[in-house]
Colleague: 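To start, I am sharing the structure in question, which I have written as structure tokens.
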Amino acid sequence: ALALWLYTANANVFWQDEYFSFDTAMRPLGDTFRQALHFEFQPPLYFLLLHFWLKLGSTAVFGRVLSLLFGLLTVAVLGALGRQLGVRRPWLHLGVVAAVTPTLVWAAAQSRTYSLTILLVSCSMLLFVKIWVLDRPVRPSTYVWYLLCVYAALLTNYYTGFVFAGQFLAAMLFSHRRRTLLISYGLLTVAFLPWISTVLMQVRAHPVYYGPDPLTFARATVPEALGHAIAWAWLTASRAVFWGPMVTRPAVAWILALGGLTLVVLRLRSSIRPGRLEASLAVTLAVPTAILLSLRAFHLSYVGVRHWAVVAPVALILLVTLIDRVEPARPRIGIAGGLAFLLLGGLVSTERNLSPEDWRAAGRYLREQAAPDEPVAVFPSHGIGPLGYYLGQDSAVYGLPAQQSLTSLLPLTSVGQLRARLDQIVEDDQPFWLVVGSVDIGPHVGAHYLDQYLEQTTILEERAFEGLTVLHLQQP
């Protein structure tokens with residue numbers, strides 16, 4: 001896990017959201033707290049921890065090491081949980097499976113909240129299973145640790161609350177310790193009440209970056225709409241574990257669907273019938289999955305692919321538990337082999353940004369060639385963070401000082417704002433630099449617009465790197 005995750009942390013470019021994390025965490029402590037709430041629209045815990053971590057070193061890779069440590073702790077916690085659940089197959093060791101799960105590998109290589117979120121959800125699952133699923137004798141301190149894990153998770157990512165709603169429902173349905181459950185969640189509710197107004201403010205302020213509702217179709221029949229909705233829900237939820245674009249391919253989607261159905265049928269036909277453990281895990285997974293799908297489908301809140309990381313530990317625990325209990329051995333080994341293939345495919349196909357070497361080389365080239373007053377524009381627009389980081393803090397990215405408050409830079413990440421700014425630069429007849437990430441340009445940017453734009457300008461200088469091109473432009 002350490003070797004794989006270190007490679008991933010070093011290989012991926014320092015991207016815009018991580019740039020935001022650094023900008024938030026490197027402020028004075030009080031400003032970090034306020035920036036987390038009012039700019040990131042996130043709970044503050046991760047950014048406060050990153051604030052102190054970056055006092056030891058401020059490079060992009062060092063910032064990611066904090067997430068990597070959280071990831072390694074997650075592997076240890078899930079390994080302990082697997083032993084607690086009685087997983088009997090060494091090759092199904094939950095910690096080993098977690099170490100090569102694409103979502104966990106991705107999260108451990110990002111200076112964002114997701115690795116800490118996965119760790120805290122995993123810790124809560126370890127304690128939840130011990131207290132309310134296995135109903136083993138526990139010390140009062142176990143309840144305290146559970147409450148601390150849940151509260152810390154809520155102060156890291158609000159969507160973890162949906163997982164805890166699933167835990168609550170599962171315990172109410174299947175546990176004999178309902179009294180302690182109600183007391184515990186009553187205390188959590190009281191402790192979280194001061195944050196309610198902040199959460200509502202952030203929900204109202206956070207934009208929802210979606211197009212048409214995925215569950216509405218102009219001329220679709222009811223069966224077509226239902227089929228599309230089911231396929232969309234399955235593909236969306238499956239990326240919680242497998243992450244990469246591989247799972248969006250129809251053939252892989254069918255393999256996942258058939259494999260999941262086969263696993264359930266084989267488990268039901270095994271000599272040992274599914275018990276309270278599997279039912280509790282299934283409810284714990286079903287509740288947050290249904291809520292996240294509903295929020296995404298009806299545009300009630302912003303739910304991107306990365307937000308599904310909150311359910312990744314629960315999905316992984318249930319998956320490994322079901323496979324381990326399948327009888328006879330041949331189907332179990334076959335399904336485990338299929339899981340290994342999908343995990344490997346997810347790792348290989350995980351979307352990667354441009355190499356940091358590309359951005360470093362472009363930054364070095366611009367520092368040598370660009371005049372201090374010449375602005376630098378970037379395609380795609382989310383390259384503003386990486387280029388600003390590698391180019392230097394005194395450079396003018398999009399014509400604005402890179403060290404200026406990111407609240408003034410953020411509007412330029414929209415295509416319309418970016419085009420307007422570039423048009424203004426051209427109208428001013430001012431030479432400028434354009435950095436084009438050839439790998440990352442997509443329909444949302446509009447490659448055709450870039451072609452039209454280049455037709456209006458004279459290329460004074462051009463330098464191609466492996467993953468991007470640097471152009472020095474001026475209107476004729």
Side-chain angles (χ1 to χ4, degrees), residues 1-29 32-33 35-36 40 42-80 95-123 149 152-153 155-157 160 243 306-307 309-310 312-313 346-347 350-360 363 382 385-390 392-393 406:
L2 182 61
L4 175 63
W5 294 2
L6 277 174
Y7 168 77
T8 306
N10 189 61
N12 283 359
V13 76
F14 183 70
W15 66 297
Q16 178 168 288
D17 281 14
E18 292 181 288
Y19 183 62
F20 292 162
S21 293
F22 270 55
D23 180 77
T24 298
M26 296 182 76
R27 296 167 180 261
L29 187 60
T32 293
F33 184 86
Q35 181 89 344
E40 297 279 357
Q42 300 269 4
L45 180 58
Y46 170 77
F47 300 100
L48 295 176
L49 294 176
L50 185 62
H51 169 86
F52 293 107
W53 178 259
L54 292 179
K55 291 183 180 296
L56 304 177
S58 58
T59 66
V61 173
F62 188 79
R64 289 172 173 173
V65 171
L66 179 62
S67 294
L68 188 145
L69 293 176
F70 293 146
L72 292 177
L73 289 173
T74 299
V75 169
V77 169
L78 291 178
V96 175
V97 176
V100 293
T101 297
T103 300
L104 273 65
V105 174
W106 167 83
Q110 306 287 322
S111 295
R112 297 295 287 173
T113 65
Y114 307 109
S115 189
L116 178 59
T117 298
I118 292 173
L119 170 62
L120 293 171
V121 170
S122 300
C123 290
C149 283
L155 294 185
T156 303
N157 190 316
T160 58
W243 181 256
R306 58 188 180 272
H307 297 116
V310 299
L347 286 173
T350 297
E351 294 169 297
R352 303 193 182 278
N353 295 302
L354 294 173
S355 166
E357 294 303 323
D358 297 332
W359 289 109
R360 288 193 188 102
H382 61 249
L387 191 65
Y389 177 80
Y390 291 121
Q393 292 301 302
L406 285 173

Colleague: Is there a side chain to side chain contact (heavy atoms under 4.5 Å, CB included) between R112 and F47? Walk through the geometry before answering.
Modeller: CA-CA 8 Å; R112 297 295 287 173; F47 300 100; 4.0 Å; yes

Colleague: Hey, is the main chain of A109 close enough, under 3.5 Å, to the side chain of S67 for a donor-acceptor pair?
Modeller: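 Checked: no pair found.
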
Colleague: Calculate, to the nearest 0.5 Å, the distance between atoms OG1 and CG belonging to T24 and L54 respectively.
Modeller: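 T24 OG1 to L54 CG: 11.0 Å, rounded to 0.5 Å.
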
Colleague: What distance do W106 atom CH2 and I118 atom CD1 have between them, rounded to the nearest 0.5 Å?
Modeller: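 It comes to 7.5 Å.
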
Colleague: Under the ring-ring contact (aromatic ring centres under 6.0 Å, His included) rule, collect the residues that match up with F33, sequence neighbours excluded.
Modeller: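 Per chain and number, F33 pairs via ring-ring contact (aromatic ring centres under 6.0 Å, His included) with no residue.
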
Colleague: So, for A107 and S115, which heavy atoms are closest and what is the spacing to 0.1 Å?
Modeller: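 Taking A107 first and S115 second, the nearest heavy atoms are O-CB, 3.5 Å.
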
Colleague: So Y114 and H307, would you call those rings parallel, tilted or perpendicular, with 30° and 60° as cut-offs?
Modeller: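 Answer is perpendicular, since the angle exceeds 60°.
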
Colleague: Side chain to side chain contact (heavy atoms under 4.5 Å, CB included) for T160 and L120? Distances and angles first, verdict last.
Modeller: CA-CA 9 Å; T160 58; L120 293 171; over 6 Å; no

Colleague: L45 and side chain to side chain contact (heavy atoms under 4.5 Å, CB included): which single residue from T113, T117, L155 fits?
Modeller: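 The single option meeting the side chain to side chain contact (heavy atoms under 4.5 Å, CB included) with L45 is L155.
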
Colleague: Measure the spacing between CG of L50 and CZ of R64 and express it to the nearest 0.5 Å.
Modeller: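 The CZ atom of R64 is 12.0 Å from CG of L50, to the nearest 0.5 Å.
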
Colleague: Is there a side chain to side chain contact (heavy atoms under 4.5 Å, CB included) between V105 and V100? Walk through the geometry before answering.
Modeller: CA-CA 7 Å; V105 174; V100 293; 5.7 Å; no

Colleague: State whether the side chain of S21 and the backbone N or O of S111 hold a donor-acceptor pair below 3.5 Å, judged by distance alone.
Modeller: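 Checking the backbone N and O of S111 against the side chain of S21, a donor-acceptor pair under 3.5 Å is found.
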
Colleague: If you compare all heavy atoms of L104 against all heavy atoms of A98, which two are closest, and at what distance to 0.1 Å?
Modeller: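 Closest approach of L104 to A98, heavy atoms only: CD2-O, 3.6 Å.
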
Colleague: Measure the CG-CG distance between L66 and L56 for me, rounded to the nearest 0.5 Å.
Modeller: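 It is 10.0 Å, given to the nearest 0.5 Å.
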
Colleague: Show me the donor-acceptor pairs, under 3.5 Å and distance only, between side chains in residues 68-76 and residues at least two apart or in other chains.
Modeller:
from, atom 1, to, atom 2, distance (Å)
T74, OG1, F70, O, 2.9

Colleague: Is a side-chain donor or acceptor of H51 paired with a backbone partner of R27 at a separation under 3.5 angstrom?
Modeller: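 Yes, the answer is positive, given that a donor and an acceptor are paired below the 3.5 Å cut-off.
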
Colleague: Would Y46 and N157 count as a side chain to side chain contact (heavy atoms under 4.5 Å, CB included) if you check the C-alpha gap in whole Å, the side-chain angles of each, and the deciding distance to 0.1 Å?
Modeller: CA-CA 9 Å; Y46 170 77; N157 190 316; over 6 Å; no

